[in-house]
Every structure is written in structure tokens, then in C-alpha cells.
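Worksheet: one structure, shown below.
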Amino acid sequence: MALRSPIYLDTETLLSQAEYYDIDVPRQADIVEKTVRKRSGVGKAGISGFGVDASMGTDVEYQSAYSLEPKEKVTVSKVIDSLIGAAAAVKVDPDGNTVLGKDDLVEVEGITRITAASLDGKMFFIFRRLMETAEGDLGSIFDFDISDARVAEQLKQVYLRNELLPIPVLLELAGSRLPQKVYINVSPDHFLDEASANRVEGELRVLGSVSRLIPDGDDGYLSAEEWLLHGWEHMMRRKLMPSVGDVVESVVNQLQLELPAEDVRAYIAGPAIVVDAIALY
């Protein structure tokens, strides 16, 4: 098979899979770097009757990209080839006749695009930053106004300066042979070189493991809070999720985004699968 040049690679998971299937690989370490900076919030704000103390310092992680040397690209390609070939561990180009189970390794190919849930996940990350300086009821933050100076500065930082945020990205992959919808969960901190969440749209192959199998019917749905409200405290998630759909719709309208009518906003409707990405190439 051809030498692969991934734009995203979770090396630790890939090598763990190789070890599980007894594939020999050179030892690699310290290729993923994280920058952690101490940040302190100030003040105390309340949400409908309970207080949130923002005065304590918090560790804030920022995504960082890394590079693969040519020799490492060879290693990665050989590991993937062995998983697909000798180990027969990967279900390649699955279709309607392929039996899929949780944790199955798959390689799917198609056209990817970032869902509305992830586009708005960035917004909610900005809102969480604004909470640190919020006065009064935090509910006012969600009266989204892109002309507000604080919001505008955060938007510039994320969208104009292309700041990599420590939040997962949910992609929809169209054009595969599977009859159900396919979504790709891309965790932060594994982008290569100049790649970022803004460059994962287009024709791609995805190697990953099936994390969710969402059935059809009335019970066939999965909350998108993992991508919308990543990093938010559990009680806050429960408090906000009932109104998230309206907030997402408001953001989509204000930014005049043209998104498919059935795009993921507050939940993923079945039948669908979610694949945790190991490599994108």
C-alpha cells in the first residue's frame, strides 16, 4: 500500500492497537506536546439560584500540533497496513452487510464536513471563557450578540487567529457504503503540522474505532453535549441542554451559515454510528 501522510494521528491509540494485535513497532515517545498554562478567574456569578465561584485558578490546556519525520511516516503506514492486512483487525470500506460492534476498528472513506454542533461548540467554549468575568446572571451570556466587544474579541481569537481549542470536533462523513449516517469524533491535540480543525473537511479516509451505535426509531438519538458543552460541569450541562437547540439555531442564523436541514445541533438522530478517529489521511 502507499505511504500515508496523515493530517491527524492519535499515535498512542494506534500503537496500543498494534501491541494488542502483536504487531512489532519501534518505540516512540514524547511526540505529543501539551501546553498547560495556569489561569485565574475572578468574581462570583449565579445561575438561576446557585452560585459559581470563578475565583480559583484553573489549568487550561491548549491544543498543539506536532510533526512526523519521514521515518515515522513509514512506521505509521506499516502499522496501519499490518492492522488491515496481516492482523485483519480493520473492517475496510464497510457496507450494509457488515456487522459492526462497539470498539470495532474500521476504515471508511468519504467527504467530511464539520457539523453545526462543533461550530457551536466553539461558541460555547467562548461563553465559558466569558463566564470568568460575568456579572449577575450567567444566562445573559447566551443572549448572543456578535457586536458585543467581549464576544467579538473572543471570536477574532478563535476564527481570525485560528486558535486551536482543546475541544473535540464532530464531523459528518458522507459518501461511504454504509446505509446509516457516519460521524467522526476527532479529539484535540493530535493534528499534524499545519493541519487543524479547519482543515478536516474534504475527501478523507478515516481509521478509527466504533464508539456509538445509534439505532433507528423513537429511541434512536444521542445527545451532542459532548461536542457542544465539552468541559462544562455536569450540573451545568443538565441545566443548559434543554435550551441549547435554540441557542445553536440563533448562532447559525446570526452568522448566516448555510447548513443542511438535518445537521447535528442538539442531538444525533439514528440510524447512525460514531467513530473515534485514530488517523485521518
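Atoms considered below: every heavy atom in the structure, side chains included; atoms not considered: hydrogens, waters and symmetry mates.
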Using side-chain hydrogen bond (donor to acceptor under 3.5 Å, both in side chains) as the criterion, list what pairs up with T98, not counting sequence neighbours.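 Listed in chain order: D95.
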Would you say [X] and [Y] make side-chain contact, with heavy atoms under 4.5 Å?
X: Q17; Y: E12; answer: no
X: V106; Y: D93; answer: no
X: W232; Y: R128; answer: yes
X: N185; Y: V275; answer: no
X: L229; Y: M241; answer: yes
X: S16; Y: Y21; answer: no
X: E107; Y: K91; answer: no
X: I7; Y: H190; answer: no

Verify the cluster assignment for [X] and [Y]: are they in a single hydrophobic cluster under the rule of side-chain heavy atoms below 4.5 Å apart?
X: Y267; Y: V264; result: no
X: Y221; Y: L240; result: no
X: V182; Y: I111; result: no

Applying the side-chain contact (heavy atoms from CB on, under 4.5 Å) criterion to [X], which one of [options] satisfies it?
X: I184; options: L204, V169, D276, L173; value: L173
X: Y281; options: L192, L207, L9; value: L207
X: I214; options: I273, D219, I268; value: I268

Donor-acceptor pair, side chain of [X] and main chain of [Y], under 3.5 angstrom:
X: S209; Y: L105; answer: no
X: D120; Y: A117; answer: no
X: S118; Y: I114; answer: no
X: E225; Y: L228; answer: no
X: T115; Y: L170; answer: yes
X: S211; Y: V274; answer: yes
X: T112; Y: E172; answer: no

Please report the shortest heavy-atom distance between [X] and [Y], naming the atom on each side.
X: V79; Y: A18; result: CG1-CB, 3.8 Å
X: L3; Y: K73; result: CD1-O, 3.7 Å
X: R237; Y: G231; result: NH2-N, 3.8 Å
X: P94; Y: L100; result: CB-CD2, 4.5 Å
X: G96; Y: P179; result: CA-CD, 3.6 Å

Distance in Å, [X] [atom1] paired with [Y] [atom2], rounded so as to fall on 0.5 Å steps:
X: F124; Y: L165; atom1: CZ; atom2: CG; answer: 14.0 Å
X: L280; Y: R4; atom1: CG; atom2: CZ; answer: 13.0 Å
X: M123; Y: L119; atom1: CE; atom2: CG; answer: 7.5 Å

Take D263 and R113, measure what salt bridge (Lys or Arg N to Asp or Glu O under 4.0 Å) needs, and give me the verdict at the end. CA-CA 10 Å; D263 196 7; R113 64 171 187 81; 3.1 Å; yes
Quick one: name the residues clustered hydrophobically with V99, using the 4.5 Å side-chain heavy-atom rule over I, L, V, M, F, W, Y, and just say none if it's on its own.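 Result for V99 is none, singleton.
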So, using side-chain contact (heavy atoms from CB on, under 4.5 Å) as the criterion, who are the partners of P271 when residues are at least two apart? Q180, D216
Assess whether side-chain contact (heavy atoms from CB on, under 4.5 Å) is satisfied between V76 and L14, documenting all intermediate values. CA-CA 8 Å; V76 167; L14 179 66; 3.9 Å; yes
Are E233 and K239 close enough for a salt bridge, meaning some N to O gap below 4.0 Å? no
